Student: 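Structure below; questions to follow.
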Amino acid sequence: MKLSDNKATLSFSNGAPSIDLPVYSGTMGPDVIDIRKLYAQTGMFTYDPGFMATAACQSGITYIDGDKGELLYRGYPIEELAVNCDFLDICYLILNGERPDEQQKLDFDHQVTHHTMVNEQMHFFLRGFRRDAHPMAVLTGLVGGLSAFYHDSTDITNPRHRHISAIRLIAKMPTLVAMAYKYSVGQPFIYPRNDLSYTGNFLRMMFATPCDEYKVNPVVERALDRIFILHADHEQNASTSTVRLCGSSGTNPFAAIAAGVACLWGPAHGGANEACLNMLEEIQAQGGVAKVGEFMEKVKDKNSGVRLMGFGHRVYKNYDPRAKLMQQTCKEVLESLGLENDPLFKLAMELERIALEDPYFVDRKLYPNVDFYSGIVQRAIGIPTSLFTAIFALARTVGWIAQWNEMLSDPEYKIGRPRQLFNGFPTRSMK
Ligand code: ACO
């Protein structure tokens, strides 16, 4: 970051002396006011619940312009990356800052592919869960549990350990998600195969059984790969900030990523695609497109507590560029699987059409987010609704680990320790 010529002056109405605060500029996006010395100089904190106007770190990984509806990974627009790269290209780019050349790509793919197996003991660990456990409960436990199985890559001060743990997490997440799924349906675990792509291998671990070989459908493989690409990183969102905060204490990467998985589970974040599909199914059960108007009235009634899931975003105040790509993928997958008349897709299109014209949504700048269509794609592929957030976690792992790594390499890195405005009892006595 660069110190700007501009500076901010903070003045007080009570006659206390005003202070100057430095302003820094990044390469794009809003400048920031540096308030680190504010408490020392004034005895005051800033108050910003929900981090509405607070940059908690500097980062060079992902850039979002929410007003333009722009998303860049390492400077490249998501629209270009989604059509020219596979997910492992994106992982390399996000982790290393540049796209891989041919040899780097071969090496990286080889490394990830050859770390997809998990310690056999993990199978016994998994068997401790109830069969009906939510996959995100299982995944939170399994990812945290990795730190008990891979002691040899938990020294966070050792760059080699950090690299190995990054590869291990990216490589093993599909295996863990597929294991959680197989366990929930009572089928045997399917071991990874090294002759398949990252996404093809995941599909096979999900859908093959020892009795039936699974042939990877390239349209489905490409669609799921795109879901992974679109979810790979998203700047300082809630789960990424959780990973950073958790990792800032110096904990090991598996523990920090498990914290991210737990945060992602919430319906306002990664759980939205599951909530969105449940919402579509509920409207469909009540009468489908004919009931859309009635449902929208409930959404607009603040007392109903109903939200249009898959709509709205803290940062995008324009169409989420990932939603556009997802809508296109949704059409392709449904056509290729002969499901072009899928009633939920029709319902989603109708909800979107009405919302984009309705002043309630227009005035609040509420547009579809990536989750609005991703659930329909996953459902068409055969992924159960309860597994959607686990798929999101699989894809976001690379973003979490890159952001964690970036934090540890930042000379300004400190343990995260927010302050508070205390409004409880002032000192009192039991006497
Ligand atoms: N349906 C109806 N109204 C909404 C919605 C929605 N989905 N989202 C926001 N609003 C309304 C709010 O009621 C509020 O109205 P008001 O100004 O009259 O009080 C206004 O729009 C602003 O909304 P906030 O909740 O203050 O915005 P915030 O930035 O805090 O929330 C969030 C963003 C949580 C994503 C919200 O839009 C939401 O709950 N959406 C549905 C869940 C969802 O799809 N989450 C996925 C996010 S993307 C991701 O994690 C990959």
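Order of appearance sets the numbers: ligands from 1, and atoms from 1 within every ligand. All values below come from the heavy atoms of this structure, side chains included, with hydrogens, waters and symmetry mates left out. Small disclaimer: the values here were computed from a predicted structure and weren't measured.
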Student: In the protein, what heavy atom is nearest to atom 10 (N) of ligand 1, and what distance, to one decimal place, separates them?
Tutor: Leu366 CD1, 3.6 Å
Student: Has the side chain of Ser241 got a donor or acceptor atom that lies under 3.5 Å from a matching backbone atom of Gln236?
Tutor: yes
Student: Check whether any protein heavy atom sits under 4.0 Å from atom 26 (O) of ligand 1.
Tutor: no
Student: Heavy-atom distances under 4.0 Å decide this one: backbone, side chain, both or neither, for Arg314 against ligand 1?
Tutor: both
Student: Which residue supplies the protein heavy atom nearest to atom 36 (C) of ligand 1, what is that atom called, and how far is it?
Tutor: Arg307 NH1, 3.2 Å
Student: Is Arg322 close to ligand 1, meaning an N/O of one under 3.5 Å from an N/O of the other?
Tutor: no
Student: Could you check whether atom 22 (C) of ligand 1 has a protein contact, counting only heavy atoms that fall below 4.0 angstrom?
Tutor: no
Student: Between Leu308 and ligand 1, does any nitrogen or oxygen pair lie at a separation below 3.5 Å?
Tutor: yes
Student: Which residue and atom name correspond to the protein heavy atom nearest atom 35 (C) of ligand 1, and how close is it?
Tutor: Gly312 O, 3.7 Å
Student: Can Lys105 and Asp86 be counted as an ion pair, charged N to O under 4.0 angstrom?
Tutor: yes
Student: Tell me: protein heavy atom nearest atom 43 (C) of ligand 1, and distance?
Tutor: Ala272 CB, 3.5 Å
Student: What I want to know is whether Phe392 and ligand 1 share at least one N or O pair that is separated by under 3.5 angstrom.
Tutor: no
Student: Look at Arg244 together with Glu406 and state whether they make a salt bridge at an N to O cut-off of under 4.0 Å.
Tutor: yes
Student: Salt-bridged, Asp342 to Arg379, with N to O below 4.0 Å?
Tutor: yes
Student: What protein heavy atom sits nearest atom 41 (C) of ligand 1, and how far away is it?
Tutor: Phe311 O, 3.4 Å
Student: Could you tell me whether Gly310 and ligand 1 have an N or O pair separated by under 3.5 Å?
Tutor: yes
Student: Report yes if some heavy atom in the side chain of Arg364 is under 4.5 Å from a heavy atom in the side chain of Tyr360; otherwise report no.
Tutor: yes
Student: Would you mind telling me if ligand 1 is within reach of the side chain of Lys302, the backbone, both or neither, using heavy atoms under 4.0 Å?
Tutor: side chain
Student: Can you find an N or O of Asp371 that's nearer than 3.5 Å to an N or O of ligand 1?
Tutor: no
Student: Output yes when the distance from some N or O of ligand 1 to some N or O of Lys317 is under 3.5 Å, and no in every other case.
Tutor: no
Student: I'd like to check atom 16 (P) of ligand 1 in this structure: does the protein have a heavy atom lying under 4.0 Å from it?
Tutor: yes
Student: Using the six-membered ring of Tyr76, assess whether NZ or CZ of Arg99 lies under 6.0 Å from its centre and within 45 degrees of the ring axis.
Tutor: yes
Student: May I ask you to check whether Arg162 and Asn405 show a side-chain donor-acceptor distance below 3.5 Å?
Tutor: yes
Student: Nearest protein heavy-atom contact for atom 42 (C) of ligand 1: which residue, which atom, what distance?
Tutor: Met309 CE, 3.4 Å
Student: Within 45° of the ring axis of Phe125 and under 6.0 Å from its six-membered ring centre, is that where the NZ or CZ of Arg127 lies?
Tutor: no
Student: Please check if any side-chain donor atom of Asp225 sits under 3.5 Å from a side-chain acceptor atom of Thr199, or the reverse.
Tutor: yes
Student: Taking atom types as modelled and ignoring hydrogens, do the side chains of Lys346 and Asn341 form a donor-acceptor contact shorter than 3.5 angstrom?
Tutor: yes
Student: Starting from atom 48 (S) of ligand 1, what is the nearest protein heavy atom, named by residue and atom, and what distance separates them?
Tutor: His313 CD2, 3.5 Å
Student: Relative to atom 34 (C) of ligand 1, which among Ala268, Gly266, Pro267 owns the nearest non-hydrogen atom?
Tutor: Ala268
Student: Cut-off 3.5 Å, side chains only: do Ser197 and Glu221 have a donor facing an acceptor?
Tutor: yes
Student: So, are Glu79 and Arg322 salt-bridged, with charged N and O less than 4.0 Å apart?
Tutor: no
